[in-house]
Amino acid sequence: PTISAETAKEKQNKNLSADQITLCYIPLENGTEAYCYEIKGKFENKNYLIYINANSGNEEKILLVLDQENSLLTM
């Protein structure tokens, strides 16, 4: 990665309480992949996954995590 995990954390919403940061690859809508930091956290009592590109520092995706009875859903 070109940027550090700490730099990626600084790029996300300051109101999000980050629980965990890991590196991962995510699929993009254009059929390619992006190398990202996945930031798991909470905002207003809801769980989110924020993906910050590990090379450019750009925000790639924000997913709301819904905890269902038998599964986890993301939107």
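- For the pair L28 and A34, the tightest heavy-atom approach, listed with the atom from each and the gap, is CD1-CB, 3.9 Å.
- The heavy-atom pair separating Y35 from Y25 by the smallest distance is CD1-CZ, 3.6 Å.
- Hydrophobic clustering (side-chain heavy atoms under 4.5 Å, transitive across Ile, Leu, Val, Met, Phe, Trp, Tyr) keeps I26 apart from Y37.
- Annotation for L66 and M75: closest pair CD1-SD, 3.5 Å, computed over non-hydrogen atoms.
- At a threshold of 4.5 Å between non-hydrogen side-chain atoms, the residues I62 and Y48 count as touching.
- One hydrophobic cluster, built from ILVMFWY side chains closer than 4.5 Å, cannot hold both L63 and I52; they sit in different ones.
- More than 12 heavy atoms of other residues, nucleotides or ligands shown are found within 6.0 angstrom of CG on N30.
- Under the 4.5 Å side-chain heavy-atom criterion for Ile, Leu, Val, Met, Phe, Trp and Tyr, L64 and L16 are members of the same hydrophobic cluster.
- Sparse packing is recorded around CD of E44, with 12 or fewer heavy atoms of other residues, nucleotides or ligands lying under 6.0 Å away.
- Summarising the geometry, atom CG belonging to D67 is positioned 5.0 Å from atom CG belonging to L72; distances are rounded to the nearest 0.5 Å.
- Residues Y51 and E38 bring a donor and an acceptor atom of their side chains to less than 3.5 Å of each other.
- Scanning all heavy atoms of the two residues, the minimum distance from Q68 to L73 falls at CG-CD1, 3.5 Å.
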Please assess K9 against I21 for the test side chain to side chain contact (heavy atoms under 4.5 Å, CB included), listing each intermediate value before the final yes or no. CA-CA 8 Å; K9 186 177 176 183; I21 300 175; 3.7 Å; yes

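- For the atom pair CG of L49 and SG of C24, the computed distance is 9.0 Å after rounding to the nearest 0.5 Å.
- In this structure, CG in N13 is found 10.5 Å from CD1 in I39, a value given to the nearest 0.5 Å.
- Remark: of the listed residues K61, E60, E59, E60 is the sole one forming a side chain to side chain donor-acceptor pair (under 3.5 Å) with N53.
- The minimum heavy-atom distance between A54 and L23, with the atom names listed, is CB-CD2, 4.0 Å.
- Smallest separation of non-hydrogen atoms from I3 and N55: CG2-O, 4.3 Å.
- Around the NZ atom of K11, the shell of radius 6.0 Å holds no more than 12 heavy atoms that belong to other residues, nucleotides or ligands.
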